[in-house]
Amino acid sequence: MRKKLLLSIALAGIVSVVSACGTADDGSESGSETSQAPANESAAPEAAPEVADPDLEGVPDVVAVVNGTEIPKTDFESVYTAQYETAATQSQMSGEPVDQDALKSQTIEGMIGTELLIQEASERGIEATDEAIATALDELVATYQLSSADEFYATLAEQGTDEETVNEQLATQVQVEQLIEEEAGDTAPTEEELTAAYDEAVAQQEEQNAASEQEPEIPPFEEVRTALEEQLQTQKQSAAADSLVSSLREAADVTVNL
């Protein structure tokens with residue numbers, strides 16, 4: 001199954017809400033080593049900053065205009081809050097405070113890029129079929145460990161997002177993903193690329209092992225082949241998306257009011 005990019009910023013608020021509900025049971029993911037932190041509190045950074053609330057003071061009603069399409073304050077605040085929550089968690093782990101000004105700029109630029117992709121998908125006549133929307137919904141339900149699509153809709157309804165709006169946003173996500181797949185072309189990695197990625201991962205793990213007392217076993221190539229294929233495909237699609245956004249941005253009429 002293809003690796004979903006989840007590039008649509010329209011879903012960022014949804015994903016953050018469902019993630020909080022769907023992973024609360026065990027919090028386990030593919031990089032779960034962080035859940036095994038020592039119980040000794042002295043292992044945490046001594047000067048870990050106290051995390052403040054997201055700073056939303058002074059955000060204008062219209063944060064940006066992209067080729068005549070407005071990005072309103074409500075959309076920006078939803079996406080920024082989700083981004084800030086992630087950054088705040090990382091801040092507590094690293095001891096580095098969150099640069100909210102930089103994060104705001106990063107957030108609005110990401111939203112501008114997404115809006116440009118949405119507009120380009122529309123220009124190319126890319127449409128999301130009911131089947132593609134249903135597949136995207138099933139993948140989100142599975143990703144966030146929910147029991148059904150009904151639970152997904154119910155969770156978001158509690159947050160004030162109705163089923164029609166969710167489906168509209170899913171359709172947008174599907175359109176953007178199809179655009180990127182079209183732009184990226186064949187992203188299947190070669191054997192040489194897979195081998196190089198594996199060798200790099202092994203070298204990094206060996207370096208980490210040398211710097212610590214623990215030496216996790218490095219899995220053989222065939223055991224991680226599928227994960228490497230998905231990783232490389234995602235990297236190629238992300239590169240294609242970045243390149244497309246860059247070219248669209250140069251020709252676009254964009255005003256940022258933040």
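Minimum interatomic distance between Ala149 and Leu137 (heavy atoms only, all atoms of both residues): CB-CD2, 3.6 Å. Ala197 approaches Leu228 most closely through the heavy-atom pair CB-CD2, 4.1 Å. Taking both residues in full, the closest heavy atoms of Leu170 and Ala136 are given as CD2-CB, 4.3 Å, listed atom of the first, atom of the second, then distance. Among all heavy-atom pairs drawn from Val141 and Phe152, the shortest one is CG2-CB, 4.0 Å. Closest approach of Ala128 and Ala171 over heavy atoms only: CB-O, 3.6 Å. The shortest non-hydrogen separation linking Glu181 to Gln237 is CG-NE2, 3.5 Å.
A distance of 11.5 Å separates CD of Glu168 from OG1 of Thr161, quoted to the nearest 0.5 Å. To the nearest 0.5 angstrom, Gln145 atom CD is 11.5 Å from Ser147 atom OG. Asp138 contributes atom CG, which lies 12.0 Å from atom CD1 of Ile133 (distance to the nearest 0.5 angstrom). For the atom pair CD of Gln204 and CD1 of Ile218, the computed distance is 11.0 Å after rounding to the nearest 0.5 Å. In this structure, the separation between CD1 on Ile71 and CE on Met111 is 5.0 Å, given to the nearest 0.5 Å. Atom CD in Gln173 sits 11.0 Å away from atom CD in Gln178 (nearest 0.5 Å).
Taking the side chain as every heavy atom from C-beta outward, Arg124 and Glu182 approach each other to under 4.5 Å. For the pair Glu193 and Gln235, the minimum side-chain heavy-atom distance is 4.5 Å or more. In this structure the side chain of Val202 never reaches within 4.5 angstrom of the side chain of Phe221, judged on heavy atoms. Gln208 places a side-chain heavy atom less than 4.5 Å from the side chain of Gln205. Residues Glu109 and Ile112 meet the side-chain proximity criterion, which asks for heavy atoms closer than 4.5 Å. The shortest distance between side-chain heavy atoms of Thr81 and Leu56 falls below 4.5 Å. Proximity of Phe76 to Leu258: side-chain heavy atoms (C-beta onward) are separated by under 4.5 Å at one or more points.
A donor-acceptor pair under 3.5 Å is absent between the side-chain atoms of Ser122 and the main chain of Ile118, judged by distance alone. Remark: the backbone N or O of Asp242 is not paired with any side-chain donor or acceptor of Ser246 at under 3.5 angstrom. In this structure, Thr107 contributes its side chain and Leu103 its backbone to a donor-acceptor pair below 3.5 Å. A donor-acceptor contact shorter than 3.5 Å links the side chain of Ser247 to the backbone of Leu244.
The side-chain contact (heavy atoms from CB on, under 4.5 Å) test applied to Thr226 returns Glu230, not counting sequence neighbours.
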Under 3.5 Å, sequence neighbours excluded: what are the donor-acceptor pairs made by side chains of residues 58-67?
from  : atom 1 : to     : atom 2 : distance (Å)
Asn67 : OD1    : Asp253 : N      : 2.8
Asn67 : ND2    : Gln119 : OE1    : 2.9

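Using modelled atom types and a 3.5 Å distance limit, the side chains of Asn167 and Tyr153 yield a donor-acceptor pair.
Within the structure, ring pair (Phe, Tyr, Trp, His ring centres under 6.0 Å) pairs that include any residue of residues 87-126 do not occur (at least two apart or interchain).
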